[in-house]
Amino acid sequence: MKYNPIKKVLILVTILAVPGFLYYLLQDQGKNRYKPLPIFGPKQVANTFHSKRGKQIPDTIYHAVADFKLVNQVGDSISLKDWKNKIVVLNLMDGKADASSTNAIFNEYKDFKAYQKNDIVRFASISIDPTDVLDSIKNLAATLKAKPHKWDILLGDSASIFKLVRKDLLLDVVEVKQPERKMIYSRKIVLLDSQHRIRGFYDATQEEALSKLDDEIKVLIAEELRNVRDGR
């Protein structure tokens with residue numbers, strides 16, 4: 001094939017322009033067209049300050065996911081460092097139930113594939129079934145075609161999982177043992193920003209909520225681009 005330097009330059013320019021173009025789409029004369037996403041969870045006023053228009057304003061310490069250590073479908077250890085500077089979209093799942101129905105939330109999320117090549121976005125599904133073992137989530141991941149480190153199916157001991165779900169993700173999960181054992185858990189999707197703060201909850205059973213999730217992932221991507229531009 002004949003070398004074409006002009007074509008190569010055009011490809012390079014296109015690659016470099018895409019993030020900037022996305023940022024432009026979400027801007028209107030330097031202002032975000034979308035309202036900033038809320039930050040969920042408890043918060044407290046810090047002892048430090050920042051300056052805004054000449055005024056000293058107290059900083060706010062927001063709720064964020066604490067560090068954890070779980071295992072994904074290929075046996076790799078996953079912790080917050082693996083999500084450093086990443087936007088994370090996650091949900092809860094019952095490994096055995098979802099294995100039998102293959103009714104995993106992200107397979108129903110029509111825009112899931114659009115983010116497969118976007119390095120800033122990660123997906124995670126946390127198994128809340130205490131009887132799940134590595135082989136079961138490995139088989140489930142294969143069925144769902146979940147690529148490790150892009151869509152991680154996560155496994156851990158009950159104490160670690162329940163703490164992460166209830167205290168950090170602010171979701172509900174209950175183990176009912178009578179008349180037969182089953183797990184009752186939240187079907188909401190959680191959106192985390194690169195600082196591991198909760199920026200949204202979305203009902204996975206509602207198409208409107210999933211559409212909102214898609215819009216707000218884009219808002220967070222624009223926010224990350226702005227932070228990189230401003231050197232934050």
Side-chain angles (χ1 to χ4, degrees), residues 26 32 34-52 56-72 76-93 105-106 109 115 118-128 148-173 185-204 209-210 212-232:
L26 294 175
N32 199 320
Y34 297 89
K35 293 181 180 179
L37 301 185
I39 300 175
F40 292 84
K43 57 186 177 182
Q44 64 184 75
V45 178
N47 295 323
T48 57
F49 296 82
H50 65 276
S51 179
K52 185 175 182 180
Q56 291 292 99
I57 301 174
D59 293 324
T60 302
I61 301 174
Y62 292 99
H63 174 80
V65 174
D67 201 10
F68 59 84
K69 189 174 182 180
L70 302 176
V71 175
N72 73 358
D76 291 340
S77 178
I78 301 294
S79 66
L80 277 187
K81 69 179 182 180
D82 296 283
W83 293 348
K84 184 178 180 181
N85 300 323
K86 306 298 181 184
I87 294 167
V88 182
V89 186
L90 61 84
N91 74 304
L92 308 181
M93 67 191 309
I105 286 175
F106 296 138
Y109 176 34
Y115 296 102
N118 191 321
D119 186 59
I120 199 174
V121 181
R122 293 284 189 274
F123 290 83
S125 295
I126 302 173
S127 173
I128 45 76
H149 302 288
K150 183 59 183 182
W151 177 8
D152 286 310
I153 313 295
L154 298 174
L155 177 72
D157 63 87
S158 295
S160 298
I161 292 292
F162 282 25
K163 175 183 176 296
L164 172 61
V165 171
R166 292 168 175 164
K167 185 177 180 179
D168 296 321
L169 299 176
L170 310 181
L171 296 176
D172 294 322
V173 57
Y185 58 97
S186 173
R187 293 286 181 173
K188 289 187 176 180
I189 297 174
V190 183
L191 177 62
L192 302 180
D193 64 19
S194 64
Q195 298 179 56
H196 313 131
R197 302 174 302 183
I198 298 174
R199 304 302 292 274
F201 292 99
Y202 312 88
D203 189 334
L210 293 178
K212 181 181 179 183
L213 167 61
D214 189 48
D215 287 340
E216 296 191 346
I217 289 174
K218 292 181 173 66
V219 172
L220 280 192
I221 291 174
E223 184 177 293
E224 290 302 312
L225 292 171
R226 183 170 61 249
N227 290 339
V228 170
R229 182 200 65 178
D230 296 341
R232 296 178 187 174

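The first residue of the sequence shown is numbered 1, and numbering continues consecutively from there.
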Q: Under the ring-ring contact (aromatic ring centres under 6.0 Å, His included) rule, collect the residues that match up with F68, sequence neighbours excluded.
A: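 Testing F68 for ring-ring contact (aromatic ring centres under 6.0 Å, His included), a comparison that skips the adjacent residues, returns W83.
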Q.
Please enumerate all residues that pass ring-ring contact (aromatic ring centres under 6.0 Å, His included) together with F201, with sequence neighbours excluded.
A.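 If we apply the ring-ring contact (aromatic ring centres under 6.0 Å, His included) test to F201, skipping adjacent residues, the hits are F40.
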What are the two closest non-hydrogen atoms of [X] and [Y], and how far apart are they?
{"X": "K86", "Y": "R122", "result": "CE-NH2, 3.6 Å"}
{"X": "R199", "Y": "D193", "result": "NH1-OD2, 2.8 Å"}
{"X": "E224", "Y": "I87", "result": "CG-CD1, 4.1 Å"}

Supply the atom-to-atom distance [X] [atom1] to [Y] [atom2], rounded to the nearest 0.5 angstrom.
{"X": "H149", "Y": "D76", "atom1": "NE2", "atom2": "CG", "value": "4.0 Å"}
{"X": "L191", "Y": "L37", "atom1": "CG", "atom2": "CG", "value": "7.0 Å"}
{"X": "I78", "Y": "L70", "atom1": "CD1", "atom2": "CG", "value": "8.5 Å"}
{"X": "L192", "Y": "L220", "atom1": "CG", "atom2": "CG", "value": "9.5 Å"}
{"X": "E223", "Y": "E216", "atom1": "CD", "atom2": "CD", "value": "11.0 Å"}
{"X": "L164", "Y": "L90", "atom1": "CG", "atom2": "CG", "value": "8.0 Å"}

(Q) Could you walk me through whether N85 and I120 satisfy the side-chain contact (heavy atoms from CB on, under 4.5 Å) test, starting with their C-alpha distance in whole Å, then the side-chain angles of each, then the deciding distance to 0.1 Å, before giving a yes or no? (A) CA-CA 7 Å; N85 300 323; I120 199 174; over 6 Å; no
Q | Check: K150 side chain, Y115 main-chain N or O, donor-acceptor pair, under 3.5 Å | A |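 Looks like yes, one N/O pair under 3.5 Å.
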**Q.** Main-chain N/O of A124 paired with D152 side-chain donor or acceptor, under 3.5 Å
**A.**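 Answer holds: no.
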Does the side chain of [X] reach to within under 4.5 Å of the side chain of [Y], using non-hydrogen atoms?
{"X": "Q195", "Y": "Y62", "answer": "no"}
{"X": "I161", "Y": "V173", "answer": "no"}
{"X": "L170", "Y": "H63", "answer": "yes"}
{"X": "L210", "Y": "I189", "answer": "yes"}
{"X": "I126", "Y": "L169", "answer": "yes"}

Q: Look at D168 together with K163 and state whether they make a salt bridge at an N to O cut-off of under 4.0 Å.
A: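 Yes, this pair counts.
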Q. Excluding sequence neighbours, so at least two apart, what forms side chain to side chain contact (heavy atoms under 4.5 Å, CB included) with L155?
A.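 Residues passing side chain to side chain contact (heavy atoms under 4.5 Å, CB included) with L155: D132, I137.
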Q) Between S125 and N91, do the side chains contain an N or O donor and an N or O acceptor separated by less than 3.5 Å? A)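 Indeed, the side chains of S125 and N91 share at least one donor-acceptor pair under 3.5 Å.
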